[in-house]
A.B. asks: 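My questions will all concern the structure given below.
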Amino acid sequence: MGLEAWFMDSSEEDQRKPHKLTPDQLVSLEELRQLGVFHWKLNADIYETDPELEKIRKDQGYSYMDIISIHKDTLPNYEEKLKMFFEEHLHLDDEIRYILDGQAYFDVRDQEERWIRIAMRKGDLITLPAGIYHRFTLDETNYTKAMRLFVGEPVWKAYNRPADDSDIRKKYVTSL
């Protein structure tokens, strides 16, 4: 199955639910690319030796990698971290995530400020460009294991909205 993305409803109900509009308003990979969001589908069962992953890492300059398991039994301060991940924010660097197991959602804002929900499943690798407003949450399975990739040393700093005056946000907006 390919990557699924859709415009979200405005419900304040549990963030882990799909939040699809009725009827669905799907978002294509091309529409995501126009926002600077890129996707690859890989074989997560062989991530340690996958030549396709190695090629992407080399081509994109992803020199740092670690793995995070997000589940109440494996992540210290689980509830606190989930709330933090779901705060609308941006980063000064691209955010690169590869789902090795489980499922999760990334939400990104389009040019009209609408939320697009991207359903991430095992094997999905995604890059969100520096300066895009986004947030992350688990789905109702409450579990994902992800590889975090960076160019150079990892920078964990998030800039919560509003950050419209930041240089990286201005650069992102003018790139669209």
Side-chain angles (χ1 to χ4, degrees), residues 3-20 27 32 35-39 44 47 60 62-173:
L3 187 74
E4 285 186 276
W6 57 86
F7 287 106
M8 293 179 68
D9 65 25
S10 57
S11 168
E12 297 291 323
E13 191 180 6
D14 185 350
Q15 70 194 39
R16 298 166 306 149
K17 294 190 178 293
H19 289 283
K20 291 185 176 186
V27 176
L32 291 175
L35 296 172
V37 176
F38 292 92
H39 171 262
Y47 75 90
Q60 302 297 320
Y62 301 153
S63 55
Y64 177 90
M65 172 278 291
D66 74 1
I67 295 174
I68 184 171
S69 185
I70 304 173
H71 183 270
K72 64 180 174 61
D73 295 335
T74 59
L75 184 66
N77 303 315
Y78 171 78
E79 293 294 337
E80 201 175 290
K81 293 264 174 77
L82 279 185
K83 285 179 186 160
M84 181 183 73
F85 296 156
F86 198 65
E87 286 289 318
E88 184 175 3
H89 63 278
L90 58 78
H91 299 286
L92 301 181
D93 298 305
D94 292 355
E95 182 158 332
I96 306 109
R97 298 293 181 268
Y98 178 22
I99 305 299
L100 302 177
D101 196 20
Q103 302 172 164
Y105 295 124
F106 271 103
D107 301 337
V108 297
R109 291 273 190 187
D110 76 355
Q111 293 166 295
E112 297 169 27
E113 294 292 314
R114 298 174 296 179
W115 280 116
I116 297 170
R117 176 149 280 186
I118 304 167
M120 301 285 294
R121 293 182 178 84
K122 183 177 179 177
D124 289 326
L125 186 145
I126 195 169
T127 62
L128 306 180
I132 193 172
Y133 282 123
H134 66 282
R135 61 190 183 190
F136 171 86
T137 190
L138 295 176
D139 70 359
E140 293 174 286
T141 64
N142 292 311
Y143 167 71
T144 197
K145 179 179 175 182
M147 178 183 289
R148 302 182 289 190
L149 297 151
F150 291 88
V151 175
E153 288 299 310
V155 178
W156 304 109
K157 178 85 173 123
Y159 297 87
N160 288 346
R161 191 167 192 171
D164 296 329
D165 291 333
S166 69
D167 289 342
I168 198 66
R169 178 65 183 168
K170 290 176 185 174
K171 182 178 177 185
Y172 171 72
V173 170

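In what follows, every heavy atom counts, from backbone to side chain, and hydrogens, waters and symmetry copies are set aside.
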A.B. asks: So, taking the atom named CD1 in Ile118 and the one named OH in Tyr105, what distance separates them when rounded to the nearest 0.5 Å?
C.D. replies: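 One gets 12.0 Å once the value is rounded to the nearest 0.5 Å.
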A.B. asks: Looking at every non-hydrogen atom in both residues, tell me the closest pair between Ile99 and Arg121 and how far apart they are.
C.D. replies: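 Shortest heavy-atom contact: CB-O, 3.4 Å.
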A.B. asks: Contact between Asp101 and Tyr47 at the side-chain level, heavy atoms closer than 4.5 Å - yes or no?
C.D. replies: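 Of all side-chain heavy-atom pairs linking Tyr47 with Asp101, none is under 4.5 Å.
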A.B. asks: Roughly how far apart are His39 NE2 and Leu32 CG, rounded to 0.5 Å?
C.D. replies: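 Answer for the NE2-CG pair, His39 versus Leu32, is 9.5 Å.
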A.B. asks: Would Gln60 and Val151 count as a side chain to side chain contact (heavy atoms under 4.5 Å, CB included) if you check the C-alpha gap in whole Å, the side-chain angles of each, and the deciding distance to 0.1 Å?
C.D. replies: CA-CA 8 Å; Gln60 302 297 320; Val151 175; 5.9 Å; no
A.B. asks: So, does Thr144 use its side chain to make a donor-acceptor pair with the main chain of Ala104 at under 3.5 Å?
C.D. replies: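 Absent.
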A.B. asks: So does Lys20 have more than 12 non-hydrogen atoms from other groups sitting under 6.0 Å from NZ?
C.D. replies: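 Above 12, so yes.
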A.B. asks: Write down the atom of Phe106, the atom of Phe136, and the distance for their closest heavy-atom approach.
C.D. replies: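 Heavy atoms only, the tightest pair is CZ-CD1, 3.6 Å.
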A.B. asks: Apply the test side chain to side chain contact (heavy atoms under 4.5 Å, CB included) to residues Ile116 and Leu35: give CA-CA distance (whole Å), side-chain angles for both, the deciding distance (0.1 Å), then the verdict.
C.D. replies: CA-CA 11 Å; Ile116 297 170; Leu35 296 172; 3.7 Å; yes
A.B. asks: Evaluate the side chain to side chain contact (heavy atoms under 4.5 Å, CB included) criterion for residues Lys17 and Glu140: first the C-alpha distance (whole Å), next the side-chain angles of each, then the deciding distance (0.1 Å), finally the verdict.
C.D. replies: CA-CA 6 Å; Lys17 294 190 178 293; Glu140 293 174 286; 3.1 Å; yes
A.B. asks: Is a side-chain N or O of Tyr133 found less than 3.5 angstrom from the main chain of Asp164, in a donor-acceptor match?
C.D. replies: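 Judged by distance alone, yes, a pair lies under 3.5 Å.
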A.B. asks: Find out whether the Lys NZ or Arg CZ of Arg114 is both under 6.0 angstrom from the six-membered ring centre of Phe7 and within 45° of the ring's axis.
C.D. replies: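 Positive - Arg114 is close enough to the ring of Phe7 and near enough to its axis.
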A.B. asks: Just verifying a value: how many Å separate Ile68 CD1 and Leu100 CG, rounded to the nearest 0.5 Å?
C.D. replies: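 Going from CD1 on Ile68 over to CG on Leu100, the span is 11.5 Å.
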A.B. asks: Only one of Tyr62, Trp156, Tyr98 clears side chain to side chain contact (heavy atoms under 4.5 Å, CB included) with Arg148; which?
C.D. replies: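 When side chain to side chain contact (heavy atoms under 4.5 Å, CB included) is applied between Arg148 and each of Tyr62, Trp156, Tyr98, only Trp156 qualifies.
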A.B. asks: Any sub-3.5 Å donor-acceptor pair from His19's side-chain atoms to Asp14's backbone N or O?
C.D. replies: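 Side chain of His19 to backbone of Asp14: a pair is present.
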A.B. asks: What is the distance from atom CZ of Phe86 to atom CZ of Arg16, rounded to the nearest 0.5 Å?
C.D. replies: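 CZ of Arg16 is found 11.0 Å from CZ of Phe86.
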A.B. asks: Rounded to the nearest 0.5 Å, what separation is found between the CG atom of Asn77 and the NZ atom of Lys83?
C.D. replies: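 If we round to the nearest 0.5 Å, Asn77:CG and Lys83:NZ are 11.5 Å apart.
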A.B. asks: Taking the cut-offs as 6.0 angstrom to the six-membered ring centre and 45 degrees off its axis, would you call Lys81 and Phe85 a cation-pi pair?
C.D. replies: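 That pair does not qualify as a cation-pi contact.
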A.B. asks: Checking salt bridge (charged side-chain N to carboxylate O under 4.0 Å, His left out) against Arg117, which of Asp110, Asp139, Asp107 comes through?
C.D. replies: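 By the salt bridge (charged side-chain N to carboxylate O under 4.0 Å, His left out) criterion, Arg117 pairs with just one of Asp110, Asp139, Asp107: Asp107.
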A.B. asks: Side chains of Asp73 and Tyr143: any donor to acceptor distance under 3.5 Å?
C.D. replies: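 Distance-only check fails for Tyr143 and Asp73.
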A.B. asks: What closest approach, in Å, do Asp94 and Pro129 show between heavy atoms, and which atom pair accounts for it?
C.D. replies: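 That closest heavy-atom pairing would be OD1-CA, 3.4 Å.
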A.B. asks: Taking 4.0 angstrom as the limit, do Arg135 and Glu87 come out as a salt bridge?
C.D. replies: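 Glu87 and Arg135: not salt-bridged.
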A.B. asks: Is any side-chain heavy atom of Ser10 closer than 4.5 Å to a side-chain heavy atom of Trp115?
C.D. replies: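 They are not in contact (no side-chain heavy atoms under 4.5 Å apart), so the answer is no.
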A.B. asks: When you measure from the side chain of Ser63 to the backbone of Gly152, do you find a donor-acceptor pair of N or O atoms at a distance under 3.5 Å?
C.D. replies: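 Confirmed, Ser63 side chain pairs with Gly152 backbone.
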A.B. asks: In Å and rounded to the nearest 0.5 Å, what is the CG to CD distance from Leu138 to Gln103?
C.D. replies: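 So the gap between those two atoms works out to 10.0 Å.
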A.B. asks: For Ala44 versus Lys122, what's the shortest heavy-atom pair and its separation?
C.D. replies: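 Residues Ala44 and Lys122, closest heavy atoms: CB-CG, 3.7 Å.
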A.B. asks: Would one find more than 12 heavy atoms of other residues, nucleotides or ligands at under 6.0 Å from atom CD of Glu113?
C.D. replies: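 Counting other residues, nucleotides and ligands, CD of Glu113 exceeds 12 neighbours.
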A.B. asks: Taking all non-hydrogen atoms of both residues, which atom of Ala130 and which atom of Tyr172 are closest, and how far apart?
C.D. replies: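 Looking at all heavy atoms of both residues, the shortest contact is O-CB, 3.6 Å.
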A.B. asks: Does the His89 side chain pair with the main chain of Ala163, one donor and one acceptor, at a distance under 3.5 Å?
C.D. replies: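 No, the answer is negative, given that no donor and acceptor are paired below the 3.5 Å cut-off.
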A.B. asks: So which atom in Gln15 and which in Leu82 form the shortest heavy-atom distance, rounded to 0.1 Å?
C.D. replies: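 Looks like NE2-O, 4.2 Å.
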A.B. asks: Using side chain to side chain contact (heavy atoms under 4.5 Å, CB included), reason through Val155 and Leu92 one step at a time and then give a plain yes or no.
C.D. replies: CA-CA 8 Å; Val155 178; Leu92 301 181; 5.8 Å; no
